[in-house]
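Since the structure comes first, as structure tokens, the remarks are kept for the end.
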Amino acid sequence: MADYTPNEMMTVAAARALRNEDVCFVGIGMPSAAANLARLTHAPDIVLIYESGTLGTKPTVLPLSIGDGELCETALTTVPVPEMFRYWLQGGRITVGFLGGAQIDKFANLNTTVVGAYDKPKVRLPGGGGAPEIATSCGEIFIIMAQSKRAFVPKLDFVTSLGHGEDGQTRARLGVKTKGPTRLMTDLAVFQPEPGSNEMIVASIHPGVTREQVSEATGWPVRFAANVTETLAPTAKELETLRDLHARTRRAHGEAA
Amino acid sequence: MADYTPNEMMTVAAARALRNEDVCFVGIGMPSAAANLARLTHAPDIVLIYESGTLGTKPTVLPLSIGDGELCETALTTVPVPEMFRYWLQGGRITVGFLGGAQIDKFANLNTTVVGAYDKPKVRLPGGGGAPEIATSCGEIFIIMAQSKRAFVPKLDFVTSLGHGEDGQTRARLGVKTKGPTRLMTDLAVFQPEPGSNEMIVASIHPGVTREQVSEATGWPVRFAANVTETLAPTAKELETLRDLHARTRRAHGEAA
Amino acid sequence: MSRVLSLAEAVEQHVRDGDTVAMEGFTHLIPHAAAHEVIRQGRKRLTLVRMTPDLIYDQMIGMGCAEKAVFSWGGNPGVGSLHRFRDAVENGWPHPLAIEEHSHAAMANAYDAGAAGLPCAVLRGYVGADLPKVNSNIRSIVCPFTGEKLAAVPAIRPDVGIVHAQKADRAGNVMLEGIVGVQKEVVLASKRSIVTVEEIVDEFGQRSPNAVILPAWTIGCVVKVPGGAYPSYAFGYYKRDNAFYKAWDAIAKDRDGFRAWMKANVLDQGPEVFAAHARKMLQAAE
Amino acid sequence: MSRVLSLAEAVEQHVRDGDTVAMEGFTHLIPHAAAHEVIRQGRKRLTLVRMTPDLIYDQMIGMGCAEKAVFSWGGNPGVGSLHRFRDAVENGWPHPLAIEEHSHAAMANAYDAGAAGLPCAVLRGYVGADLPKVNSNIRSIVCPFTGEKLAAVPAIRPDVGIVHAQKADRAGNVMLEGIVGVQKEVVLASKRSIVTVEEIVDEFGQRSPNAVILPAWTIGCVVKVPGGAYPSYAFGYYKRDNAFYKAWDAIAKDRDGFRAWMKANVLDQGPEVFAAHARKMLQAAE
């Protein structure tokens, strides 16, 4: 077994959560790496959709932006952006959406808008983009985020997108029919919502990581499932595929520099 | 000057009302003949749009249906039907819409829905189709209808599409910004709305037709403008172009019978 | 993921008595072969949704498949009346037909809303018209910014959507072009769907990056029926048989004549006759 | 009917101080050359509308053209922050920037509503999110059929819409393909419009019957600017300069460095430099 980085473990864990039957709304960065890793390994038929309008895209290198030419060139077809959000996302056709953020709380609500007050921000983040509707329109949500106390906070400065809400029960209260966040993949562990409370609790810990490390990197008193397992380390094939993908991507994005 | 039929006079009068700058929403039948006659004579740049989604179409034969292949093959491009009604008609991009009907009243409201009661119709007509929104979304409306007491009635059985309303003032009252019916071309005369009252009054009478004939074919006490003129008879070029168009069309529609 | 079936299997598995069925195609690509199969299989009490009932629903209504029609223009385009449709509405033959009537704009928006997963469509429509007085499914909302009153109609969400298209690939994706109507919307809005196609190809190959394609995973099943749109047409394959549309007027005028025609041309036939119909129109195609 | 102008004339005639301007292109076909011309002509107090402000608005904001931004995602895609945008929001440099923030879905729907002539757009959006608390232009309506509460946002109706496309024909019609974003919507929604294109051809020739085309009569003016989307890209012409997007992070981080770059690369240049930029990316294009 080759060595691997925490980031690679996180990406591999996310890729494994995807099924061959999924229709996945992919974001840029780690979600894109994870979704394409899944497609290049155990889920060859997975349908990847990027919000730029590309349906069923099969990029050979990862896009830097959500609308790189590669996505359109390898897609089944490309639709206008209003149609993407209306017929494909809101239409309920996506089984899994990926999200990440600057801050997350224990009910997997996310903030990608501001640190500090909205009107007088300490840090103005990019904002929600597709997230507010991805969070409620996709069948379920996978979240990928590296852990730290700064990111895993007791209370968000701003709720950009709904997870399980303030008390874990908000989705049902608002009549939202989709599942919301069902998995949170970090560089240390995999979280899943506790049945009933919907609090994100640790389901598996990555090899070599301790419970204490997970607790220290979480800004709320983190809880562990009764049967926490060790995450399966990346296989040689997963690592090789992921690294090839990243190497191809670096060459493609750097070559015209 | 060649002989011509009342129908030809009606079509020619309608064609002449169109300007080279117009963007025209064309219906099947006489409107289509008139719009294409205009395009083939004095208005070569007129933009013809059919509700099947064909933008800027230039058919060499008249379509039998609103979606004959000819319309698509000669169009600048073809858009989906929801887009046609949303971006192009409702979007306010059409300068002239053509309408006709089974019944018209003196304020140019039209009925193409039922003769008799709606729930127990004596005659079930095809219905509104695009008309209800054409009537209010186009910059102005031209109407083509052969005159008879059965068609030109004091009161409609059903208002399929708004003209100037019950009392001629309905458009303003409902906040409709477009002009509504500005011309009514019949086989006997051309009507225009009287400024102020918006009652359709006779502006010109076709050659050889008397005021009495117009009155007898109108189910309300028809009024004549102060300065009624005689409609200019069809020119040889207009007649020749129209007849060629109809001959080509007959050959095309009949050949596979 | 779409499966390739025979037309008989597709209708058998997807269309049930009492269903709300939308067979679309705006003049172009009307799924006539599929409708004939529904008639042959004797489906009853259907709610038939279609902007223009056209010959396809005239035939189904006349054969007693329908208890309700949702439509926006019920004529034979460029010819005149749909006699079977009228006979059902005016005289209740072969049995009464309930109607829900809209404008084209409202129905196009309602399909769009169905595809978009919305409960209703909003449009500037029906201003000064009488339809809202006789159709309780035409209501209104007020724009919260301008105060303008706009029309609202319920989204169309059929049990089954049936359309015809030019081609499918081996993976079951469907491509259509030309007058695309509300074809994409009806498939996306429907719980189940059948797409009949002119041909099944290995791969679509060279095409516009914005080609109109329904991915396989949005479709219930695909059926190859060459000529399946006749007497409507398939852009790039064969022309509309305008002469037949004219001839239909006489065929449908009389109840007995209609039934005899349906027996000879529908009940006693199978979907393979459509290929011959299309061949007849082929020399006319471009 | 669209007229062919020089870029300087087009901006001179169509963009006024205080206008609401939407320059669109979703990652693809971003009208960078037109934005540089607006900067060179020193337009002020603009309300800049765009789903993703991207480098194009980072430059305009940093150069003091804007007093307000309407947007839904304000980052450098795949790279990080837009430093000039942040500096304006966080520190009021070069002067304060008001913001009106939406989600992508809401803005896409708002452009659609603008093109469709509606006063507002309706979507199932913002459920459980905080944005409606800080943006009074996010309101709601209730479906008159189901009682469901839906989000409503005002239609976007810019004074000027500016987009880039692949080609225009001699008649002034514009064709685009690939990721078409909200390009069509923004032109149809705007009172005035400028379309820059890679080339002007005699005729479009062979094309899909459903090609994405903006008819000449919907466009204010057409300007030929080869490479005009760089460092964004034009499908079929040249690739996105991802390396430049990464390099922008360092250029924009520092106020002085930014200004020096803008002087050398924008203020002291003309639109003709874009052709050279695109040539650099050409060998990479397919």
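Below, each value reflects all heavy atoms present in this structure, side chains not excepted, and no hydrogens, waters or symmetry copies. Note that the structure is predicted; figures quoted are calculated from it, not measured. The sequence lines fix the lettering, A, B, ..., with proteins before strands; numbering per chain opens at 1.
- Counting heavy atoms from C-beta outward, Arg86(C) and Val123(B) have side chains that approach closer than 4.5 Å.
- Arg150(B) CZ: 12 or fewer foreign heavy atoms inside a 6.0 Å radius.
- With a 4.5 Å cut-off on non-hydrogen atoms, Tyr126(C) touches chain B through its backbone and its side chain both.
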Task: From CA spacing to verdict: side chain to side chain contact (heavy atoms under 4.5 Å, CB included), Glu133(B), Leu123(C) - done: CA-CA 10 Å; Glu133(B) 287 75 26; Leu123(C) 67 153; 4.1 Å; yes
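- Listed options Pro82(B), Pro132(B), Gly29(B), Gly127(B) were ranked by heavy-atom pairs under 4.5 angstrom with chain C; first place goes to Pro82(B).
- Annotation: side chain of Pro77(C) is not in contact with side chain of Ile66(B) (no heavy-atom distance under 4.5 Å).
- Between chain B and the residues Ser103(C), Pro53(C), Gly75(C), the largest count of heavy-atom pairs under 4.5 Å involves Ser103(C).
- Contact check for Tyr245(C) versus Ser65(B): no side-chain heavy atoms found under the 4.5 Å cut-off.
- A donor-acceptor contact closer than 3.5 angstrom links the side chains of Glu101(C) and Tyr118(B).
- Between Asp68(B) and His28(C), every side-chain heavy-atom pair lies at or beyond the 4.5 Å cut-off.
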- [ ] List the steps, then state whether side chain to side chain contact (heavy atoms under 4.5 Å, CB included) holds for Leu64(B) with Lys246(C).
- [x] CA-CA 9 Å; Leu64(B) 180 67; Lys246(C) 290 179 181 168; 3.9 Å; yes
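- Interface check for chain B: of the options Gly80(C), Ala234(C), Gly125(C), Ser72(C), the most heavy-atom pairs under 4.5 Å are formed by Ser72(C).
- Checking Val159(B), Val114(B), Thr113(B) one by one against Asp130(C), the side-chain contact (heavy atoms from CB on, under 4.5 Å) holds for a single residue, Val159(B).
- Smallest separation of non-hydrogen atoms from Cys72(B) and Phe235(C): SG-CE1, 3.7 Å.
- Distance check: Glu73(B) CD to Ile179(C) CD1 gives 9.5 Å after rounding to the nearest 0.5 Å.
- Looking at Thr170(B), there are no atoms closer than 4.5 Å to chain C (heavy atoms on both sides), in backbone or side chain.
- Chain C forms the most heavy-atom pairs under 4.5 Å with one residue out of Gly67(B), Ala135(B), Pro80(B), Pro121(B), and that residue is Gly67(B).
- Between the NZ atom of Lys239(C) and the NE2 atom of His253(B) there is a distance of 8.5 Å, given to the nearest 0.5 Å.
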TODO: Take Glu177(C) and Thr78(B) through the side chain to side chain contact (heavy atoms under 4.5 Å, CB included) test and state the conclusion after the steps.
DONE: CA-CA 9 Å; Glu177(C) 59 178 6; Thr78(B) 297; over 6 Å; no
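- For the pair Leu162(B) and Val127(C), the tightest heavy-atom approach, listed with the atom from each and the gap, is CB-O, 3.6 Å.
- One distance of note links NZ of Lys120(B) with CD of Glu90(C); it measures 9.0 Å at 0.5 Å rounding.
- Atom CH2 of Trp73(C) sits about 10.5 Å away from atom CG of Leu125(B), to the nearest 0.5 Å.
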- [ ] Decide side chain to side chain contact (heavy atoms under 4.5 Å, CB included) for Phe158(B) and Val134(C); before the verdict, give the C-alpha distance in whole Å, the side-chain angles of both, and the deciding distance to 0.1 Å.
- [x] CA-CA 10 Å; Phe158(B) 192 91; Val134(C) 296; 4.1 Å; yes
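- When the candidates Ser232(C), Ala247(C), Ser81(C), Ala129(C) are compared by the number of heavy-atom contacts under 4.5 Å with chain B, Ala129(C) comes out ahead.
- Here the closest non-hydrogen pair linking Ala108(C) and Phe85(B) is CB-CD1, 4.2 Å.
- Ile134(B) CD1 to His104(C) NE2: the interatomic distance, rounded to the nearest 0.5 Å, is 8.0 Å.
- In this structure, Val81(B) and Met51(C) have side chains that are in contact, with non-hydrogen atoms separated by less than 4.5 Å.
- One finds the CG atom of Asp112(C) at 5.5 Å from the CZ atom of Arg86(B) (value rounded to the nearest 0.5 Å).
- Salt bridge status for Arg240(C) with Glu70(B): absent, with no side-chain N to carboxylate O gap under 4.0 Å.
- No part of Glu166(B) comes within reach of chain C, as not one of its non-hydrogen atoms sits under 4.5 angstrom from that chain.
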